Asker: 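Handing you a structure now.
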Amino acid sequence: MILMTELIHPDRLAKLERMREAGIDPFPARGVDSTPVADVQAGGGTNEEPGELIDTKVTIAGRLMGMRDFGKLIFAPIQDRTGRLQVGIQKGRIEKGPTPDWWPERKFLDPGDLVSITGELGWTQKGELTIWAEEVKLLSKALAPPPEKFHGLADKEVRYRRRYVDLWASEGVRDVFITRSRILSHIRSFLESRGYLEVETPTLHPVMGGATALPFSTHHNALDMELFLRIAPELYLKRLIVGGLERVFEISRNFRNEGISNRHNPEFTMLELYQAQGDYTHMMEISETMISGAATDILGTTEVEFRGATYNVQAPFQRERYDALFEKHNEGVSIHDEDAVAARAKELGVTVAPGLGHWKLVGEIFDETVEPHLAGPIFVTHYPSAICPLAKPDPTDTRFAERFELFIGGMELANAFSELNDPILQMEKFEEQVAMKDPETPGEVDVDYVQALEYGMPPAGGLGIGIDRLVMVLTGQDSIRDVLLFPTMRRQGADESEAESEAEPTNEASDEAKPAKSE
RNA sequence: GGGCGCGUAGCUCAGUCGGUAGAGCAACUGGCUUUUAACCAGUAGGUCCCAGGUUCGACCCCUGGCGCGCUCACCA
């Protein structure tokens, strides 16, 4: 348990007391009407061409980012969500303003405080746009000192845990999240313009499905029922295609109980969309048009820097068949030759659980030998049917499915297929999955989903795009944590009981001192 | 889960062949009306991540733990 007295810095607490004694409210109830800093800057123009706001009175509100105190003049940068602007606080102007007795109160201000400044917009001798303050209002006192003004927050742990500081104290962080929001906005308007309906399907699933992944499980008390946090919305969205909504999408938070890495977070955001009368080729067109359009609209270019390389996300993207890529990177190994594939797997040291077949091995070899070379953007098409339980087989060669994955920078960004709508074939594939008894595959057949297919699902294309990864590529961030406002972290400062249960094998020291105790 | 690395003042970081620690910023006091990480003088601020061990003595060495980063494995 952290006490308030441990959090608050004594020197600021003392200042708070002095302020209250002086009759100042450190946390006033109301804010002020103000102009965004960026608008003030736009209205200020340049020295050569002063804008219409010069010599007029403006009010800005934001965080006091520092103070350069010259005795009777203080320069201070003020930052709001749109930018940063200098204010100049002069004793003489304050004393002629609406609060002539304020000047001594400047001593109560600290970097990090939230303030508003009203005054005339002008210039300094060095030509910097500056508001010459007539009135300074404290809007909220900061009791915790801000990070060092030059370096900002450098410790990644602190940055992720205290994003509320990182967002204003570290350069560029806010922009990443503004861009993320614009990307989502672009996606919504793009899909709506094509007649898609945004829908919301359950997060709590009675039967896991739609992907292979370990789920989080939970329990509903009133129904006394085990539920899984969704690993994918796919099966519900396709029920809606059966239901005749024809074009649907969901921006879905999915939960997978697996490792954390620079590309994986236990909860992540996925766009899934389904289109009746569509197939995987339509999904390719949607992917490339949407991504390329987002880049053009938001970044103003389709050239993006990611992990030290430049990628051009201009549509159309390259397309290559899975088997061709496999054989190109594994010379002399035919994808259908079980012995050659097994030999190649041995050579690479690739293993799969016994009982899993030839195609699983092919998949492992592909991941190992091909994926790292997929700079992209590239659509890899025609995955082996055997590893695609929800995709429709290619009618010209049913060993492969009408499916593609999109790669950029060796990272999978999207997965799509012509949806399997044959209920009997779907039932067979589900039963195969259940028989595998793999904790990452469903433990039971989703009978209701098969029943939905029995009513008839039109031919349809479906697409899933990893939104976090797309944002990584478009904002040039190496780690998924840098595009998530609050990435999943281990809990800090857990109390004794919890710390103990995790560290249980370390009790040997007390063995003989402890009488037998029922556990 | 494995490997490597990191954890020192509110922040950014030094440091000690093992003799209980420093700088800059922030804070406090004083000075300064045009700075841009302002400057000048002074003051204060530390469970050196935690627990054991070795040692006359541990922030430093050893063992274990906790947290984080990078990376491998798995996946999207």
Side-chain angles (χ1 to χ4, degrees), chain A residues 7-15 65-77 84 86-93 107 110-112 122-128 130 132 142-162 165 169-170 210-214 231-232 254-272 350-351 363-364 367-368 371 405-407 411-415 439-440 464-470 472 478-481 487 489-494 498-500 502-506 508-509:
Chain A
L7 283 175
I8 287 179
H9 297 267
D11 45 5
R12 296 243 173 157
L13 204 54
K15 184 174 280 188
M65 299 302 286
M67 285 196 283
R68 295 185 285 276
D69 185 346
F70 289 82
K72 295 187 180 61
L73 165 68
I74 301 166
F75 287 112
R84 193 185 274 215
Q86 175 169 275
V87 300
I89 308 168
Q90 293 168 303
K91 183 167 185 276
R93 277 191 190 248
K107 293 287 182 190
D110 286 303
W123 312 97
T124 62
Q125 289 172 7
K126 297 270 170 63
E128 177 160 349
T130 297
W132 296 106
L143 293 179
E148 203 241 18
K149 61 188 173 191
F150 187 60
H151 297 91
L153 272 185
D155 183 327
K156 288 199 169 189
E157 176 179 0
V158 180
R159 291 189 41 213
Y160 298 147
R161 289 192 192 276
R162 301 190 201 165
V165 177
S170 307
T212 50
L214 283 174
I231 56 175
N254 299 342
F255 304 85
R256 298 191 182 175
N257 206 339
E258 296 182 346
I260 294 179
S261 78
N262 60 17
R263 303 182 286 291
H264 301 89
N265 196 65
E267 54 179 300
F268 66 101
T269 302
M270 183 120 122
L271 165 69
E272 286 207 9
V350 167
T351 53
E364 295 291 326
D367 292 351
E368 189 81 13
E371 278 194 11
E405 288 194 359
L406 168 64
F407 289 85
M411 186 167 72
E412 184 190 334
L413 246 73
N415 181 18
E440 294 199 351
I465 294 183
I467 294 297
D468 312 291
R469 290 181 176 184
L470 177 62
M472 284 169 69
D478 289 352
S479 172
I480 196 168
R481 290 186 194 89
M489 304 279 276
R490 205 180 290 270
R491 173 181 170 158
Q492 208 182 29
E498 262 159 325
E500 222 170 89
E502 278 204 85
E504 56 165 0
T506 58
E508 69 278 76

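What you are looking at is a predicted structure, and each value in this text was computed from that prediction instead of being measured. The sequence lines fix the lettering, A, B, ..., with proteins before strands; numbering per chain opens at 1.
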Asker: Taking only N and O in the side chain of A:Arg481, is any of them less than 4.0 Å away from OP1 or OP2 of B:rC70?
Answerer: yes
Asker: Just wondering, do A:Phe75 and B:rA38 stack (centres under 5.5 Å, planes under 30°)?
Answerer: no
Asker: Measuring from atom CD1 of A:Ile89 to atom CZ of A:Arg68, what distance do you get when rounded to the nearest 0.5 angstrom?
Answerer: 11.5 Å
Asker: A:Lys156 side chain N/O closer than 4.0 Å to the phosphate oxygens (OP1, OP2) of B:rG5?
Answerer: no
Asker: In whole Å, what separates the P atom of B:rA38 from that of B:rC25?
Answerer: 9 Å
Asker: B:rC4 and B:rA73: how far apart are their C1' atoms, nearest whole angstrom?
Answerer: 15 Å
Asker: In this structure, how many angstroms lie between the C1' atom of B:rA9 and the CD atom of A:Glu148, rounded?
Answerer: 13 Å
Asker: Does the side chain of A:Lys15 get closer than 4.0 angstrom to OP1 or OP2 of B:rA27 through an N or O atom?
Answerer: no
Asker: In whole angstroms, how far is the C1' atom of B:rC13 from the CZ atom of A:Phe150?
Answerer: 14 Å
Asker: What's the gap between B:rA14 and B:rC56 when it is taken at their C1' atoms, as a whole Å value?
Answerer: 30 Å
Asker: Rounding to the closest angstrom, what is the interatomic distance between B:rC68 and B:rA23 at atom P?
Answerer: 32 Å
Asker: Scan A:Ala213 against the nucleic acid and name what it touches under 4.0 Å (heavy atoms): base, sugar-phosphate only, or nothing.
Answerer: nothing
Asker: Rounded to the nearest 0.5 Å, how far does CD1 of A:Ile480 lie from CZ of A:Arg263?
Answerer: 9.5 Å
Asker: Would you say the base of B:rU34 and the side-chain of A:Glu128 have a donor-acceptor pair closer than 3.5 Å?
Answerer: no
Asker: Tell me whether the OP1 or OP2 atom of B:rC68 has a side-chain N or O from A:Arg161 closer than 4.0 Å.
Answerer: yes
Asker: Using the C1' atoms only, state how far B:rA21 lies from B:rA9, rounded to an integer number of Å.
Answerer: 11 Å
Asker: For the atom pair CG (A:Leu470) and CG (A:Leu413), what is the distance rounded to the nearest 0.5 Å?
Answerer: 5.5 Å
Asker: If you look at every strand shown and take non-hydrogen atoms under 4.0 Å, does A:Trp132 touch a base, only sugar-phosphate, or nothing?
Answerer: base
Asker: Please determine whether a side-chain nitrogen or oxygen atom of A:Asn254 lies at a distance below 4.0 Å from atom OP1 or OP2 of B:rA76.
Answerer: no
Asker: If you look at every heavy atom in A:Met472 and A:Asp478, which pair is closest and at what distance?
Answerer: CE-O, 3.2 Å
Asker: What interatomic distance, in whole Å, is found between P of B:rG10 and the corresponding atom of B:rA26?
Answerer: 16 Å
Asker: Rounded to whole angstrom, note down the C1' distance from B:rC13 over to B:rU29.
Answerer: 27 Å
Asker: Once rounded to the nearest 0.5 Å, what's the spacing between atom CD1 of A:Ile231 and atom CZ of A:Arg256?
Answerer: 6.0 Å
Asker: Taking only the side-chain nitrogens and oxygens of A:Arg12, find out if one of them lies under 4.0 Å from OP1 or OP2 of B:rG10.
Answerer: no
Asker: Tell me what A:Asp478 touches on the nucleic acid: a base, only sugar-phosphate, or nothing, going by heavy atoms under 4.0 Å.
Answerer: nothing
Asker: Using the C1' atom as the reference point in each nucleotide, state the distance between B:rG45 and B:rG18 in Å, no decimals.
Answerer: 26 Å
